[in-house]
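Presented below is the structure to which this report refers.
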Amino acid sequence: MSYPSRPADLPPTVNCPYCLSHIDTSRARSVIRNIATQEVVDDVTDAVRRRGLLGVASYDRGNTYLECRREVRLDLVQGEYDYPGTADPLDDMTTVVMNRPGEDSPTAAFTDGIGFDDPEEDESAGPSPFSLADDADEDGDGWESTTGAQPSPPLPPPADENELPEPHYIPYEYCQVRRTLNIGLIGTSSSGKSHLLAAMLYRMQEEEERLAELGLKVEPFAEMWEYYVQREDIAGFFAPDRRTVLRRTSRNDPVEFRMAYTVTSTWTGEETYVVSFFDVAGELFLDSKARSRLQFIYGLDAYIFVADGQALYGWGGKRRGLRHPSGFSNVINKLRQNERLVARAKGKTPQNPLPQPAVVVLAKADLLLAQKEYWVSRWLELDDDFVLKTVDEESEDVYVYCATNGAREWLYPVNAFEDVTLHFASATGCEEQDGHYNKRKFRHMRVLRPLLSLFAMTGLIDPKTINHAYVKGVREPL
Amino acid sequence: MTEYATGTPQGDGRYRYFFRDDSSGDTQRVEVLIEAVDPQTAEQLAAEAALAEQATEAVMNETGGRFPHSLAEYVGTRTGTNGAQSTLVLRMPKGRGQPFFLEPKIQQTPGILPVSPKVVRKIAIDIYEALTVLHSVGYVHGAVNTESLVWNRREAVLARYRRMASDPDGRQGAIDVADAARLLYHVAIGRPLNGDTLPPGDQRELNSRLFGLGDLIAAALDQQERRISASEAWARASRLVPVENSTAAATPAERREDSPEEAEARHRFRAIRTRHEDIRRRRYPPAPPSAEPRWTPPVSEELPSRSLGRVLLDEGIGAFARRLLGRIGKPAAAASRLVSGKAAVLLLVIVLVVLLGRIL
Ligand SMILES: Nc1nc2c(ncn2[C@@H]2O[C@H](COP(=O)(O)OP(=O)(O)OP(=O)(O)O)[C@@H](O)[C@H]2O)c(=O)[nH]1
Ligand SMILES: [Mg+2]
Ligand SMILES: [Zn+2]
């Protein structure tokens with residue numbers, strides 16, 4: 001099919017955040033997707049070409065996507081869509097071109113749905129004689145569950161668990177914004193990425209006023225927040241009377257950002273950005289076969305490295321090492337190779353350290369607090385998400401802690417990226433038990449702080465809030 | 001059913017307190033036995049028992065038999081254990097876990113104070129409820145303090161009637177209201193209140209832990225004629241809002257000294273940071289001056305500006321120079337003729353220097 005013109009409300013090309021190709025908007029299809037099933041339910045290309053997004057019924061605008069498929073990508077070698085297969089051994093790590101689509105593979109129902117029961121009450125009285133029994137607060141602070149549980153939607157998995165689904169879809173409104181800030185969570189399986197992200201996003205919703213004091217107006221992008229909290233496990237995690245555990249991220253989950261915000265910042269002169277978050281299954285980072293699914297990491301503007309506090313072993317005031325690797329070095333090596341390759345193609349010298357900011361978050365730090373470890377206890381219980389002047393002081397302590405407790409591996413990003421801060425945080429405040437968290441112990445500890453630090457290092461807010469200088473500024477539009 | 005079923009007795013040198021299952025078989029309630037240790041306190045206790053009986057009767061009559069959870073109910077007296085002279089038996093709700101009188105508990109484990117904001121709130125509600133009820137039937141308690149209060153992990157119970165007195169016109173009640181406020185201060189802050197009024201700093205501090213508590217205590221300690229009543233205090237107490245994480249500080253405690261290994265790591269980190277900052281300075285050099293926000297003199301546009309000579313005279317050479325620069329920065333039309341002249345001279349000098357540079 002061919003259409004004469006491109007939609008008036010899109011630029012001629014759009015950067016795909018997933019495969020990093022340039023999409024020719026005069027050829028790409030616009031479709032409506034059912035957000036629950038992820039299926040394409042309608043083709044609105046004609047309407048959109050005529051009237052832009054206004055050509056779509058208002059209730060469907062949030063569900064309108066631009067389709068990224070091989071035929072509309074400008075990066076492909078003229079005439080053919082073959083896998084380039086160059087001789088460069090580095091090339092397979094980093095092709096800017098989308099490879100080998102698996103278009104006609106079958107789809108199967110997603111079977112990982114978990115039914116959560118009501119949480120077990122922790123019957124034991126607290127350690128203090130002044131503990132207040134659960135049912136004491138009769139006239140209570142009455143927090144009701146606001147997030148109604150929805151049945152877990154069946155997701156059609158992509159053809160090949162290693163490949164980026166083909167085609168894939170970019171929210172139409174995302175294509176319209178000129179400035180984007182893509183943030184990715186990096187860390188091995190079960191390191192706590194999804195919990196940390198959920199807690200961060202929740203706190204973002206909560207802290208409208210204090211974000212405003214930093215000059216930020218933050219709003220969920222399109223209807224993404226509604227979709228995000230519709231997920232059964234997310235709804236249960238947020239509900240004060242449930243506090244269920246989030247399910248592990250499937251490696252078959254579509255590689256799409258989990259959540260995005262439009263952020264207007266007075267510091268950048270009232271510019272509006274879309275800040276989006278990528279959270280994929282941790283196992284992909286350790287798997288060399290998954291490279292096409294991991295293509296998105298080369299397009300990220302900022303990185304959140306999630307170090308698994310549970311991986312530390314050894315007690316008696318001293319940790320001796322890590323039970324499993326963090327996966328940080330794999331990702332950093334990939335990024336460095338890509339940097340070399342891209343620089344060579346442009347005839348420039350590769351940048352070292354890498355030209356993005358990163359934060360290292362020592363997640364699940366509640367477990368270390370329980371061991372009364374000095375460096376953790378100095379920070380974790382502070383209510384300092386917005387007290388950003390101490391970020392560097394904290395970073396030093398986290399560095400010292402990791403360096404002297406067998407966790408040097410977590411410090412790779414410090415050398416690899418041009419600007420890095422380190423943080424102790426806990427998404428839950430306590431350990432999971434039988435699929436739930438203890439409702440009384442559950443709390444988000446300092447989860448917003450790493451994100452705000454990243455905002456300062458990307459120039460979304462004034463870098464002086466963390467006493468840093470010389471930041472690149474948010475990425476310029478195409 | 002054993003006689004003293006629940007837990008070890010408490011004591012304060014004059015009385016001993018035992019808790020046991022309710023003798024009437026009510027599983028929702030327990031009994032506290034207050035035992036005098038010597039003949040003198042036994043006498044006082046006998047008087048107290050009479051007052052407790054009176055109060056219980058008065059409340060029963062008023063409410064038609066229902067008794068508030070927050071007030072202990074008179075059951076009877078009996079001869080005590082160990083040859084003690086006399087024992088007063090009161091009944092109260094069971095709660096959860098071992099109940100205790102506050103004062104002996106605090107003596108024993110001072111670290112339990114301050115208590116959490118939610119518990120303070122519950123104590124405030126219960127104690128003012130108890131006082132509201134007592135006052136409404138024409139009595140004052142007269143001894144609201146940590147010695148009179150029981151906590152059962154679910155609610156607070158006013159459980160002594162030592163100085164109870166009838167107060168038909170309701171004038172004495174104000175003392176109870178203030179005493180309860182002192183008690184709340186004690187458990188919320190962790191030490192007794194000094195003096196008769198609440199210092200403003202403490203009021204803010206209390207509000208930051210339990211929103212409204214500072215204001216409630218201040219109003220309950222106000223001069224007697226302006227002081228709130230027990231029922232007003234009760235209503236306010238139920239509107240208190242615990243502030244999340246209220247005890248958490250925002251800045252870390254003083255750092256301990258690094259071990260040699262830690263000091264080395266810290267040093268390494270600082271070195272990396274400095275190196276990276278240098279790299280970033282080269283990568284993202286500060287924007288050229290023209291793009292930076294122009295410095296504007298800290299002088300309000302509305303005020304007539306002083307002459308530069310005046311500034312030099314009043315504030316010295318530094319202020320003069322800043323002012324001069326500021327004026328040069330402004331649009332020429334706004335600047336005075338004098339300044340334009342000086343700016344022109346300055347420009348001329350710059351041009352000459354540049355020319356000279358070229359020639360050489
Ligand atoms: N104690 C504690 N446990 C946590 C915390 N956050 C996550 N966990 C536990 O860590 C496990 C994994 O958490 P996830 O957030 O699903 O980890 P992930 O990195 O997203 O894992 P993948 O999706 O497999 O890559 C879960 O069992 C959580 O209960 C925390 O802050 N404290
Ligand atoms: Mg996950
Ligand atoms: Zn794409």
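The figures here come from the full heavy-atom set of this structure, side chains too, leaving out hydrogens, waters and symmetry mates. Within every chain, numbering begins at 1; the chains are lettered A, B, ... in the order of the sequence lines, protein sequences first and strands thereafter.
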In Å and rounded to the nearest 0.5 Å, what is the [atom1] to [atom2] distance from [X] to [Y]?
X: B:I279; Y: A:D419; atom1: CD1; atom2: CG; result: 11.0 Å
X: A:S395; Y: B:R266; atom1: OG; atom2: CZ; result: 11.0 Å
X: B:E261; Y: A:T404; atom1: CD; atom2: OG1; result: 5.5 Å
X: A:L411; Y: B:R268; atom1: CG; atom2: CZ; result: 8.0 Å
X: B:T251; Y: A:R378; atom1: OG1; atom2: CZ; result: 9.5 Å

Requested in this report: Could you tell me whether the side chain of B:F269 reaches within less than 4.5 Å of the side chain of A:V414, counting heavy atoms only?
Outcome: yes
Query raised in the report: So, do B:I272 and A:N415 sit near enough that their side-chain heavy atoms are less than 4.5 Å apart?
Result: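 Yes; the side chains approach each other to less than 4.5 Å.
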Can you say whether [X] sits under 4.5 Å from chain B via the side chain, the backbone, both, or neither, judging by heavy atoms?
X: A:Y401; result: neither
X: A:Q351; result: both
X: A:R408; result: side chain

Query raised in the report: So, does B:H276 use its side chain to make a donor-acceptor pair with the main chain of A:P353 at under 3.5 Å?
Result: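 Such a contact is absent between B:H276 side chain and A:P353 backbone.
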Query raised in the report: Which atom names give the shortest non-hydrogen contact between B:P252 and A:L382, and what distance separates them?
Result: N-CD1, 3.4 Å
**Report entry** Closest approach of A:Y470 to B:Y284 (non-hydrogen atoms, all atoms of both residues)
**Finding:**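 For A:Y470 versus B:Y284, the nearest heavy atoms are O-CD1, 3.5 Å.
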**Report entry** Within 6.0 angstrom of A:F386 CZ, more than 12 heavy atoms from elsewhere
**Finding:** yes
Query raised in the report: Under 6.0 Å from the CD atom of B:E277, do we count more than 12 heavy atoms belonging to anything else shown?
Result: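 More than 12 within 6.0 Å, yes.
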Report task. Can you check whether anything in residues 447-457 of chain A gets within less than 4.5 Å of chain B, heavy-atom wise, and list it by number? Result ->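 Residues qualifying by a heavy atom under 4.5 Å from chain B are absent, so none.
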Report task. Identify which of A:L422, A:V420, A:D397 forms the greatest number of heavy-atom pairs closer than 4.5 Å to chain B. Result -> A:D397
Requested in this report: Examine whether an atom of B:N152 lies under 4.5 Å from a heavy atom of chain A, and if so say whether it belongs to the side chain, the backbone or both; otherwise answer neither.
Outcome: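 The answer is neither part of B:N152.
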Query raised in the report: What part of B:R255 lies closer than 4.5 angstrom to a heavy atom of chain A: side chain, backbone, both or neither?
Result: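 Answer is both: backbone and side chain atoms of B:R255 are under 4.5 Å from chain A.
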Query raised in the report: Is the NZ or CZ atom of B:R256 positioned over A:Y374's six-membered ring, under 6.0 angstrom from the centre and within 45° of the axis?
Result: yes
Query - B:R283, B:R282, B:R280, B:R275 screened by salt bridge (Lys or Arg N to Asp or Glu O under 4.0 Å) with A:E418, the one that passes - result: B:R283
Query raised in the report: Run the side-chain contact (heavy atoms from CB on, under 4.5 Å) check on B:R273 and A:D392 step by step: do they pass?
Result: CA-CA 10 Å; B:R273 267 217 325 242; A:D392 274 346; 3.7 Å; yes
Query raised in the report: Can you name the side-chain hydrogen bond (donor to acceptor under 3.5 Å, both in side chains) partners of B:Y185, sequence neighbours left out?
Result: B:R191, B:D202
